[in-house]
Amino acid sequence: MPVQLLKIIKGESEIPLPSHLQKEELKCLQEGIDYTNKYFQGTVVLSYAVTKLRDGTDFLKVVLQDSNDFCSRINSINILIHGKMAEDCAKVIRPGDTFVVAGFKVAKSPTAKEDGRHAYHLKVSEEAGSAIYVRWYQTWIISLASQSVAPKYVYTPLNHLKDGTVVNLYGIVKFFKPPYVSKGTDYCSVVTLVDPSNAKLTCTLFSGNLDSLPKIYKIGDIVRFHRIKIREYNGQMQGITSGGFASLTFDGTVGAPVVPRASSRESKSGWIFFSSKAYSQWNKSVSLSSGKAWNLGNGQPLIQRCFLNGLFSLQVWDGTKCPYPTWKVPVESRDLEGERGLLHQLRNLTVDILVYDNHVQLAKSLKIGSFLRIYSIHTKQASSDNHDVSHVEFHLHGGTCYGRGIGVLPENNSDVRELKEFLESVDLAGSQNLDSMSSVELDGIFCNVADFQSHLQRCQQLSVTVLTDHQDLNNTGLRTILNSTAPQQYRIRAKLRTFKPQKLHQSIKLHCSKCNSLKEVPNGDDLNLILQESAATAPNPELHNTSWYDSVLWTTQDQKQRKIAIHFVKHDEMLQEPENTLLMIEGGTLKEVWKLSRKFKCVIPVRSTEDDLKLLDLSAPFLLQGSVKYYGCKQCSTPKTIKSLSTLAAEQRPSWEPTEIAQVLGVVPLQYVFIMKFTLVDGTGALNAYLFDYEKFFQIPASEILTSDFLQQKMQMTMNTLCPPGRKLDDLPWLECFIKSYNVTDGMKHQVYYQIFDTTVAEDVV
DNA sequence: GGTTAGGATTAG
């Protein structure tokens with residue numbers, strides 16, 4: 001078969017070609033070379049009609065674009081097909097198809113100048129021993145499949161649309177807003193399509209009937225629109241519903257290679273399934289009364305409250321358990337009729353979503369038990385009244401920007417089927433008679449859901465941490481590592497059984513990279529004391545108003561009559577904007593220094609001596625920038641007088657980088673680090689590994705966490721994910737880590753230590 | 001038959 005048509009096989013991204021064929025690049029083509037065993041692969045951009053040459057042979061010209069090169073100026077080439085292959089080929093190819101031509105001849109293209117394509121064209125014929133392989137682009141498989149039966153529609157490529165026409169078209173969904181209630185009389189859905197012509201079309205679709213709008217569930221779905229009107233709007237073509245508009249949607253999922261990701265917990269990515277249906281399935285097998293089992297969302301007080309506030313809430317479950325405490329709409333237990341204990345238990349698995357404004361109407365119309373996909377949910381971390389426990393809230397805000405809205409998935413949707421399968425597997429884990437069970441035993445059942453989930457995650461080899469390098473290394477068991485000599489490096493897969501310190505703020509230390517010492521971060525009381533001591537020395541007026549700083553002096557109005565001097569560093573004889581200004585302060589309290597550091601770029605606490613300003617004792621920060629206090633190492637620093645700072649001030653654009661400031665002041669800066677001890681286990685053994693991290697592991701700068709409640713909560717949540725409190729070992733998530741072993745000799749004592757490196761918390765955990 | 005919205009955040 002000279003022309004071979006290859007259907008897309010799920011999971012296969014490469015065309016299976018004979019092994020003797022070698023790929024040829026466009027830019028390497030030359031005349032006079034034997035291309036019998038070479039092939040070129042491209043995407044069909046254009047395909048002309050078959051014509052007959054003078055000698056009666058069929059002829060077809062096809063334009064291919066290099067599949068791997070969309071950037072070069074010349075990335076397309078003419079393919080000239082002679083003989084029977086021309087007809088065969090014309091029958092099957094459409095723009096967008098992947099086209100492989102093997103065993104071709106190369107010749108100069110006489111039209112290169114006019115068409116701007118490659119200087120050579122490829123000549124193909126059966127007689128020359130050529131072969132052509134075509135893989136239909138998904139879209140066109142569908143279009144051809146329907147047309148091969150009744151080819152009565154013509155589909156216009158998106159780059160050929162004209163104002164004022166009504167056309168039929170195919171496209172791949174690039175963006176969509178699920179149908180929402182418009183301010184007029186209809187539902188509205190906005191859909192942006194692309195096709196192999198690389199053109200884009202945004203369509204605004206209206207219909208009073210929800211069913212006649214396209215049922216798009218995912219970006220990448222393929223749609224067919226019949227009788228859509230094309231108009232020009234703001235200089236671009238726009239599609240709009242017209243009389244007789246009809247649409248068809250296909251699942252665009254091709255067996256694409258799986259994107260390597262650490263984890264795929266769906267609730268975080270905004271995919272949430274309304275689960276009562278799934279629940280009722282589960283429900284059936286545990287011999288509860290089936291049917292309308294899920295009525296949390298319709299609890300009377302909830303609806304009443306929501307009506308009053310113009311709000312509405314949905315309770316959903318995607319089969320997983322949110323690793324963080326989530327906000328719950330208060331529902332009084334007397335309104336939970338029937339399986340009260342069960343509904344109560346279920347509340348640990350469901351998530352409440354507050355629905356606002358225009359989404360309320362649609363939310364109210366949802367049937368209990370439908371599977372939903374809710375787009376662009378806002379998750380918000382908030383503290384409850386007692387402050388020490390934070391929770392996550394889910395809001396579906398008003399408006400439809402970025403496709404915010406609710407979509408209903410049909411039962412036969414592949415994702416829904418997958419979810420159902422998942423829940424059926426859960427059944428196997430706990431098919432017991434619930435009627436006779438106590439609530440303690442019910443807890444057991446839900447543990448099994450979590451068990452199953454964690455088992456599933458293990459099977460999928462998900463990890464809550466990812467490696468930032470050396471992915472090619474194989475895992476080593478902890479036992480093997482413990483039995484090996486140091487120093488070495490390993491890749492491991494283990495669980496975090498426990499960690500120290502449990503009070504996370506205690507993990508922050510100051511590290512000197514010069515002498516490798518670690519120090520505690522001074523607390524506010526320490527600092528106040530040092531500042532107070534330094535305030536005992538009155539500012540020396542002789543040091544005020546120099547060539548490179550202006551000074552201001554005042555006395556506090558309180559009884560202490562403190563003298564405070566502030567020296568503003570000038571630049572080009574001028575004072576800069578506060579946000580670019582460095583200042584030095586004498587006699588300020590911690591609060592005053594802190595306030596100034598919020599307004600000004602840099603604040604340096606100083607004291608007067610006879611002949612120059614000097615830094616305070618290095619127990620105090622030598623610099624404050626924003627909320628960060630920079631400290632210097634007492635052992636390694638040899639502080640100079642403040643005068644040395646004038647060289648930096650004289651620079652054209654002083655950046656006031658802490659490292660530069662430290663350097664000119666003779667200070668060896670200390671760096672903030674997280675120091676933690678992780679006890680890791682993997683079934684073969686347990687070892688303690690130290691985490692020494694400036695920022696990389698938690699993706700939180702150690703320097704900023706002490707002054708940020710938000711970052712502290714973020715770190716707490718991360719640790720809750722890595723090592724969820726109260727879980728059994730089996731339920732803990734896996735961590736992929738690199739560790740290195742090293743020797744430490746202290747006198748006669750010799751020990752091997754382990755440190756985590758080149759590892760970071762997975763994207764969806766932080 | 002007209003309108004709606006016309007992708008391009010909410011901030012409750």
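Both backbone and side-chain heavy atoms feed into the values below; hydrogens, waters and symmetry mates do not. Worth saying up front: this structure is predicted, and the values here are computed from it rather than measured.
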Rounded distance (Å) that lies between atom [atom2] of [N] and atom [atom1] of [X]:
X	N	atom1	atom2	result
Lys229(A)	dA5(B)	NZ	C1'	15 Å
Phe245(A)	dA5(B)	CZ	P	18 Å
Ile228(A)	dG6(B)	CD1	P	14 Å
Lys380(A)	dT10(B)	NZ	C1'	10 Å
Leu201(A)	dA5(B)	CG	P	19 Å
Leu213(A)	dT4(B)	CG	P	17 Å
Asn358(A)	dG12(B)	CG	C1'	14 Å
Lys200(A)	dG6(B)	NZ	P	13 Å

Is Phe175(A) stacked on the base of dG7(B), meaning ring centres closer than 5.5 Å and planes within 30 degrees of each other?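 Stacked: centres under 5.5 Å apart, planes under 30°.
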
Between Tyr356(A) and dT10(B), do the rings stack, that is, sit under 5.5 Å apart with planes less than 30° off each other? no

Out of [options], which has the shortest distance to the side chain of [X]?
X	options	result
Cys188(A)	dA5(B), dG12(B), dT4(B)	dA5(B)
His378(A)	dG12(B), dT10(B), dA5(B)	dT10(B)
Tyr402(A)	dT4(B), dA8(B), dG6(B)	dA8(B)
Asp186(A)	dT4(B), dG6(B), dG12(B)	dT4(B)

Need to verify one output field. Residue with the more 5' nearest nucleotide on DNA chain B, Leu396(A) or Cys401(A)? Cys401(A)

Which sits closer to the 5' end of DNA chain B, Thr204(A) or Gly399(A), going by the nucleotide each is nearest to? Thr204(A)

Is the phosphate of dG7(B), meaning OP1 or OP2, less than 4.0 Å from a side-chain N or O of Lys174(A)? no

For dA8(B) and Lys177(A) - does any side-chain N or O of the residue sit under 4.0 Å from the phosphate oxygens OP1/OP2?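 For Lys177(A), the contact criterion (side-chain N or O under 4.0 Å from OP1 or OP2 of dA8(B)) is met.
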
What's the shortest heavy-atom distance between Tyr375(A) and Ile216(A), and which atoms?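 Heavy atoms of Tyr375(A) and Ile216(A) come nearest at OH-O, 4.2 Å.
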
In a check of side-chain contact (heavy atoms from CB on, under 4.5 Å) between Leu213(A) and each of Ser207(A), Cys188(A), Ser247(A), Pro178(A), which one passes? Ser207(A)

Separation of the [atom1] atoms in [N] and [M], to the nearest angstrom:
N	M	atom1	value
dG12(B)	dA8(B)	C1'	22 Å
dG6(B)	dA11(B)	C1'	25 Å
dG2(B)	dG7(B)	P	23 Å

Checking only heavy atoms, does the side chain of His397(A) share a donor-acceptor pair with the base of dG12(B) at less than 3.5 Å?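 It does, because a donor-acceptor pair links the side chain of His397(A) to the base of dG12(B) below 3.5 Å.
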
Any N or O donor-acceptor pair under 3.5 Å from the base of dG7(B) to the side chain of Thr192(A)?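 Side chain to base: pair found, below 3.5 Å.
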
Taking salt bridge (Lys or Arg N to Asp or Glu O under 4.0 Å) as the test, write out the residues that go with Lys696(A), two or more places apart. Asp758(A)

Any donor-acceptor pair under 3.5 Å linking the side-chain atoms of Thr760(A) with those of Thr468(A)? no

Less than 4.5 Å apart, any side-chain heavy atom of Ile240(A) and any of Ile228(A)? no

Quick one: are the ring centres of Tyr187(A) and Phe206(A) less than 6.0 Å apart? no

